[in-house]
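The structure appears right after this line, and notes come after that.
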Amino acid sequence: MDVRNLGFLASHRGSNFQSVVDACRSGELAASPAVVISNNGRAFVLERARQQGIPAFFLNGKTHPDPAVLDQAIVDTLNEHEIDLVVLAGFLKKIGPRTLGAFRNRIVNIHPALLPRYGGRGMFGENVHKAVIANGESETGVTIHLVDGEYDHGPVLAQRRMAVNADDTAESLAQRLIDIEHSFLVETLGDIISGTIPLPNGA
Ligand code: GRF
């Protein structure tokens, strides 16, 4: 797939974003991180982007009270930066219909569990890992999937499994998983770019 420019939507710290930027800079990924959009004006991901000279924008219900206008502003920002593929890297908002339509089958999300289990509304951050521990699961993992109009929903593109140990806590799971996420996201984006993981036709 012809992917030159990557766009990111992220709400918080942006460690996955950083791993992709590093891979682009080192040449491991043949793409450029071209824009970051956050719904959270205080998100560290915005600071990371600005420090590295990557255009970064804060767009949310305060900057754009009308959801359709906000949705369009996200499309416009992605288009202005000629984005080919959008990566949700810890983005806690639903993607609007205009963005979904403009980037059909061109938006991927990374989620720290083996979807379809442990996804959906409220299943983010430590909530995911707490639920995995509470249910006595013997494994968890990371899912990268195409995005549709529901939280953590849409065709799975790739999954990586990880064992849950008897003495694991939500914190220890989160710590081990985030390292896997970083390399797995880079690897999977590489597979998408090379065509090893084909995406359905776009818009
Ligand atoms: C990651 O666990 C990702 O799977 C989930 O949100 C978290 C984002 O972490 N969607 P970071 O902001 O990339 O550090």
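One-based numbering, in listed order, for ligands and for the atoms of each. Just so you know, residue 1 is the first one in the sequence shown, and it goes up from there. None of the values given here were measured: they were computed from a predicted structure. Side chains are part of it too, since the values below use all heavy atoms of this structure and drop only hydrogens, waters and symmetry mates.
The protein heavy atom nearest to atom 9 (O) of ligand 1 is Arg13 NH2, 3.6 Å. Scanning the protein for heavy atoms near atom 10 (N) of ligand 1, the closest one is Ile110 O, 2.8 Å. Nearest protein heavy-atom neighbour of atom 6 (O) of ligand 1: Gly90 CA, 3.3 Å.
In this structure, the separation between NE2 on His111 and NE2 on His153 is 12.5 Å, given to the nearest 0.5 Å.
In Lys93, the NZ atom is not crowded: 12 or fewer heavy atoms of neighbouring residues, nucleotides or ligands sit closer than 6.0 Å.
By the criterion of a heavy-atom distance under 4.0 Å, the side chain of Glu181, and not its backbone, is placed next to ligand 1.
Residues His12 and Phe91 place their aromatic rings such that the two centres sit no closer than 6.0 Å.
Tested against Leu9, the residues Asn39, Asn109, Ile95, Val87 include a single side chain to side chain contact (heavy atoms under 4.5 Å, CB included) partner, Ile95.
Residue contacts with ligand 1 include Gly14, since one of its heavy atoms falls under 4.0 Å from the ligand.
The residues Glu137 and Arg117 are annotated as salt-bridged, a charged nitrogen and a carboxylate oxygen being separated by less than 4.0 angstrom. For the pair Arg121 and Glu150, the salt-bridge criterion is not met [side-chain N within less than 4.0 Å of a carboxylate O]. Look at Arg176 and Asp168 and you find a salt bridge, because one of the NZ, NE, NH1 or NH2 atoms lies within 4.0 Å of a carboxylate O, short of that distance.
The shortest N/O to N/O separation between His12 and ligand 1 does not fall below 3.5 Å. The shortest N or O to N or O distance between Ile178 and ligand 1 is not under 3.5 Å. The shortest N/O to N/O separation between Asn16 and ligand 1 falls below 3.5 Å.
Interface of His111 with ligand 1, defined as ligand atoms under 4.0 Å from a residue heavy atom, comprises 4 (O). Residue-ligand proximity, Ser15 to ligand 1, at heavy-atom distances under 4.0 Å covers atoms 11 (P), 12 (O), 13 (O), 14 (O).
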